Asks: 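Once you've had a glance at the structure underneath, I'll fire off some questions.
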Amino acid sequence: MYKLIKYMAKDFVKRSENYSEWYNELVVRADLAEQSAVRGCMVIKPYGYAIWEKMQHQLDLMFKATGHQNAYFPLFIPKSFLSREAEHVEGFAKECAVVTHHRLMNDPNGGGVVVDPNAKLEEELIVRPTSETIIWSTYKNWIKSYRDLPILCNQWANVVRWEMRTRMFLRTAEFLWQEGHTAHATREEAEEETRRMLEVYAEFAEKYMAMPVLKGHKSPNERFAGALDTLCIEAMMQDGKALQAGTSHFLGQNFAKAFDVQFLNNQNTLEYVWATSWGVSTRLMGALIMTHSDDNGLVLPPHLAPIHVAIVPICKSDEQQRQLDEHIAPIVKALEAKGLTVKYDNRPEYKPGWKFNEYEFKGVPVRLAIGPRDLEQGTCEVCRRDTLEKANVSIEGIADHVAGLMEQIQANLYKKAADFRASMTRKVDTWDDFKTEIEKNGFLLCHWDGTAETEARIKEETKATIRCIPFDAEEEPGTCIYSGKPSSRRVVFARSY
RNA sequence: CGGGGUGUAGCGCAGUUGGCUAGCGCGCCACGUUCGGGACGUGGAGGCCGGAAGUUCGAGUCUUCUCACCCCGACCA
């Protein structure tokens, strides 16, 4: 029988006391990332990067399974490219890093190195905030005929958006992401692709991150700069705020026209190419952290945990240590045979209690403790991170038991998150209620008249935005929460990250 | 970029109206005792007090400037 353990992390702020401090401290103390010497940029530490690699690996498999190939395009984008698509440049111009020179020289006044004024670039280069422009300038050369289509490329890359206020993983000046860029012969095919990739993101979020997401359209206001339609997945964090976790854009022929990408169709007439782009970033790390973690530290779903099982031996002598090493080796093997990543931590310099806390804070899903008593009884102590329950379990069949626990934990985390989201989602029908309810955060399902003006007013007065217009929204006649004008379905309002 | 706050050992902090050799806790190193939920003892290492300029016999402390980070606003994935 699993029993709850009583324990509180030392010197760790609670979510209920200060949610953002809890988040910041968790990121650092769980060894995920730290502030770098560069403003707005973070160092992703090995443990944090290991989680990102697991995400990358799984997403990459899913991209390949849907027919995509990886490629790589330059970090630098000629300034003139960015201005080819009017909306696009407007969306990104305010947050671009610009390369103006290509050489340094010794300061004639002895102050170290300075920029060499003679090394000014003919055309300035933008550090990519996203790659549509460089990619479509390239696709122009790749596409002549309908036989060249579709092009289904993805790239794993870093991008830079010069942000005023940054938070680790959620918003940093430089971040890691993947960006898919596809080219199609028909509008329908491009729209299908946009939807297909959003479904991939949703599946990834729910199955691997154990994070329920809403799928829907962005309102025109929240659309990607240069897109005709932006689809998104939206998740709810434990403070009830929304987090956009992934987007997939139907770009229409905007970029094809801006970069003059045409193809001959099978009727021998020229047509502009249809485009999509889609991306998720290291922001998913922030989403993962804020979806599951608790006042005792990080909680990771088994599918993304770098370590599945930590094993802590308990002993009083070197002789006992040797016995335990011997006894535990086959257990490690058995667990690994189940595809689990195991960390056997027999470092003598740390005490068991210290190790328990260490692995708990880092979100390792299951911990085993094995000591002299267990040696006699053929048992071990099993503790699960999600519920903080422990039990004594027979060593015989322990690998199956732990493998089963992984499935349970994965499912339980999803269910907990889904239940929380359900409890924080409600329909609101009057403006007065809206103003009260939005203070409690969560998702508010409301009628909206569909105008940008109303959306802007609501944002101004309450800081809430339309997170998405859900795909599965039922047709339901009603009146706009703000203007009272007629509306045919509810949209999701929330305060967001 | 507006308002507020903080910079002193790796981390968290104290440091009085300017005054002697700048402290404390955690962590780190050595040895010993410990080991089933963050052990204890003894000894030790570790500082350009964010940076620059100024006032002063004397600056961690006062003045000016600057840089970085955190919180709250405006902009965004």
Side-chain angles (χ1 to χ4, degrees), chain A residues 5-12 18-21 23-25 28-29 34-42 90-96 111 129-130 159-179 201 218 221-225 230 232-235 242-249 277-287 296-297 312-318 320-321 324 346-361 367-375 377 379-381 383 388 390 392 459-460 463 465 467 496-497:
Chain A
I5 61 172
K6 259 198 180 162
Y7 168 75
M8 289 305 265
K10 210 159 56 180
D11 305 320
F12 185 48
N18 187 337
Y19 194 79
S20 70
E21 194 186 330
Y23 174 82
N24 292 337
E25 210 182 311
V28 173
R29 283 182 46 169
E34 65 186 36
Q35 209 66 54
S36 75
V38 185
R39 183 198 193 100
C41 298
M42 63 176 170
E90 202 187 318
F92 288 105
K94 284 168 286 180
E95 47 187 31
C96 286
T130 180
V159 288
V160 168
R161 296 181 188 174
W162 210 263
E163 297 289 348
M164 280 297 159
R165 273 186 71 189
T166 59
R167 295 190 66 191
M168 284 196 279
F169 292 118
L170 297 175
R171 177 166 297 107
T172 46
E174 180 191 12
F175 58 94
L176 306 182
W177 77 346
Q178 59 66 219
E179 44 182 328
Y201 289 155
K218 280 294 182 193
N221 258 349
E222 301 274 328
R223 224 173 249 161
F224 175 74
T230 289
C232 64
I233 52 172
E234 289 283 327
L243 185 103
Q244 180 176 304
T247 49
S248 182
H249 314 292
S277 68
W278 28 274
V280 294
S281 70
T282 36
R283 184 177 236 209
L284 288 179
M285 293 285 294
N296 294 312
V312 177
I314 293 153
C315 57
K316 296 184 196 230
S317 65
D318 287 357
Q320 227 166 41
Q321 179 68 258
L324 282 166
N346 60 356
R347 289 176 298 175
E349 59 268 33
Y350 294 102
K351 292 188 64 185
W354 189 92
K355 293 175 187 172
F356 294 169
N357 285 285
E358 172 79 357
Y359 293 112
E360 249 155 46
F361 204 91
R367 186 202 67 231
L368 306 184
I370 302 176
R373 279 208 303 273
D374 297 303
L375 281 184
Q377 297 165 11
T379 59
C380 72
E381 180 189 272
C383 181
L388 287 172
K390 59 186 185 182
N392 291 309
K459 184 177 178 183
E460 212 173 289
K463 290 180 211 147
T465 50
R467 299 321 303 159
S496 71
Y497 278 95

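Note: hydrogens, waters and symmetry copies are ignored here, and every other heavy atom, side chains too, is used. Only a predicted model underlies this, so the values are computations on that prediction, with no experimental measurement involved. So that the names make sense, note that chain A is the first sequence line, chain B the second, and so on, each numbered from 1.
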Asks: Is the Lys NZ or Arg CZ of A:Arg283 less than 6.0 Å from the centre of A:Phe175's six-membered ring, within 45° of the axis?
Replies: no
Asks: Roughly how far apart, to the nearest Å, are B:A22 and B:A14 at atom C1'?
Replies: 11 Å
Asks: Given B:C35, B:A77, B:A68, which nucleotide is nearest the side-chain atoms of A:Lys316?
Replies: B:C35
Asks: Starting at OG1 of A:Thr247, measure out to NZ of A:Lys218 and round the result to the nearest 0.5 Å.
Replies: 8.5 Å
Asks: Between A:Arg39 and A:Glu163, is there a side-chain N and carboxylate O pair less than 4.0 Å apart?
Replies: no
Asks: Give a yes/no on whether any side-chain N or O of A:Gln35 is located under 4.0 angstrom from OP1 or OP2 of B:C70.
Replies: yes
Asks: Over all strands shown, is A:Thr172 touching base, sugar-phosphate only, or nothing at heavy-atom distances under 4.0 angstrom?
Replies: base
Asks: Can you figure out which of B:G73, B:C76, B:G36 approaches the side chain of A:Lys463 most closely?
Replies: B:G73
Asks: To the side chain of A:Ile5, which of B:A77, B:G37, B:G73 is closest?
Replies: B:G37
Asks: Please give the distance between the P atoms of B:C65 and B:G19 as a whole number of Å.
Replies: 25 Å
Asks: Taking atom CD of A:Gln178 and atom OG of A:Ser281, what is their separation to the nearest 0.5 Å?
Replies: 9.0 Å
Asks: Taking any heavy-atom pair under 4.0 Å as a contact, classify A:Asp374: base, sugar-phosphate, or nothing.
Replies: base
Asks: Starting the side chain at C-beta, find the nucleotide from B:G36, B:C70, B:C75 nearest to A:Glu163.
Replies: B:C75
Asks: Between B:G7 and B:G51, how far is it from one C1' atom to the other, in whole Å?
Replies: 11 Å
Asks: For A:Phe361 together with A:Phe12, are the ring centres under 6.0 Å from each other?
Replies: yes
Asks: Heavy atoms from C-beta onward define the side chain here; which of B:G36, B:C28, B:G38 lies closest to that of A:Glu358?
Replies: B:G38
Asks: With P as the reference atom in both, quote the distance from B:G4 to B:A77 in angstrom, rounded to an integer.
Replies: 30 Å
Asks: Please state the P separation for the pair B:G50 and B:A59 - nearest whole angstrom.
Replies: 15 Å
Asks: Provide the Watson-Crick or G-U wobble partner of B:U55, both distances under 3.5 Å; none if there is no partner.
Replies: none
Asks: Ignoring the backbone of A:Pro352, work out which of B:C28, B:C35, B:A77 is nearest its side chain.
Replies: B:C35
Asks: Within the pair A:Arg165 and B:C72, is there a side-chain N or O less than 4.0 Å away from OP1 or OP2?
Replies: yes
Asks: Is the distance from OP1 or OP2 of B:C76 to the nearest side-chain N or O of A:Arg171 less than 4.0 Å?
Replies: no
Asks: Under a 3.5 Å cut-off for both contacts, is B:G73 paired Watson-Crick or G-U wobble with anything, and if yes, with which nucleotide?
Replies: B:C1
Asks: Given B:C76, B:G37, B:C71, identify the nucleotide with an atom nearest to the side chain of A:Cys383.
Replies: B:G37
Asks: Starting at atom CD of A:Glu349, determine the distance to atom P of B:A39, rounded to an integer number of angstrom.
Replies: 14 Å
Asks: Tell me which of A:Glu21 and A:Phe361 sits closer to the 5' end of RNA chain B, going by the nucleotide each one is nearest to.
Replies: A:Phe361
Asks: Distance alone, cut at 3.5 Å: any donor-acceptor contact between the side chains of A:Asp374 and A:Thr379?
Replies: yes
Asks: Which part of the nucleic acid, if any, lies within reach of A:Pro372 when heavy atoms closer than 4.0 Å are counted: base, sugar-phosphate only, or nothing?
Replies: base
Asks: Can you tell me the distance, in whole Å, between the CG atom of A:Leu170 and the C1' atom of B:A77?
Replies: 10 Å
Asks: Quick one: look up who B:A30 pairs with, Watson-Crick or G-U, both distances under 3.5 Å, and put none if it's unpaired.
Replies: B:U42
Asks: For atom P, what is the distance between B:G18 and B:U63, given to the nearest Å?
Replies: 10 Å
Asks: With a 3.5 Å limit on both atom pairs, tell me what B:A22 is paired to, counting Watson-Crick and G-U wobble, or say none.
Replies: none
Asks: Name the nucleic acid region contacted by A:Gly40, choosing base, sugar-phosphate or nothing; use a 4.0 angstrom heavy-atom cut-off, strictly under.
Replies: sugar-phosphate
Asks: Any salt bridge between A:Arg161 and A:Glu174, counting N to O under 4.0 Å?
Replies: no
Asks: Can a side chain N or O of A:Asn296 be found less than 4.0 Å away from OP1 or OP2 on B:G37?
Replies: no
Asks: Do any side-chain nitrogens or oxygens of A:Lys10 fall under 4.0 Å of OP1 or OP2 in B:C26?
Replies: no
Asks: Quick one: do the A:His249 and A:Ser277 side chains pair a donor with an acceptor below 3.5 Å?
Replies: no
Asks: Which part of the nucleic acid does A:Phe224 contact within heavy-atom distance under 4.0 Å: base, sugar-phosphate only, or nothing?
Replies: nothing
Asks: What is the separation between atom CD on A:Glu34 and atom P on B:C69, rounded to the nearest whole Å?
Replies: 14 Å
Asks: Using atom C1' in both nucleotides, what's the gap between B:C62 and B:G46 to the nearest angstrom?
Replies: 30 Å
Asks: Mind checking the P distance from B:C70 to B:U8? Whole angstroms is fine.
Replies: 15 Å
Asks: So what's B:G47 paired with, Watson-Crick or G-U wobble, going by both distances under 3.5 Å?
Replies: none
Asks: What nucleic acid atoms does A:Arg367 come within less than 4.0 Å of, heavy atoms only: base, sugar-phosphate, or nothing?
Replies: base
Asks: Under 3.5 Å for both donor-acceptor distances, Watson-Crick or wobble: does B:A14 have a partner, and if so which one?
Replies: none
Asks: Between A:Lys355 (NZ) and B:U34 (C1'), how many Å, whole number?
Replies: 14 Å
Asks: Does A:Lys351 make a side-chain N or O approach to OP1 or OP2 of B:G38 shorter than 4.0 Å?
Replies: no
Asks: Taking for each residue the nucleotide of RNA chain B with the nearest heavy atom, is it A:Lys459 or A:Lys390 whose nucleotide lies nearer the 5' end?
Replies: A:Lys390
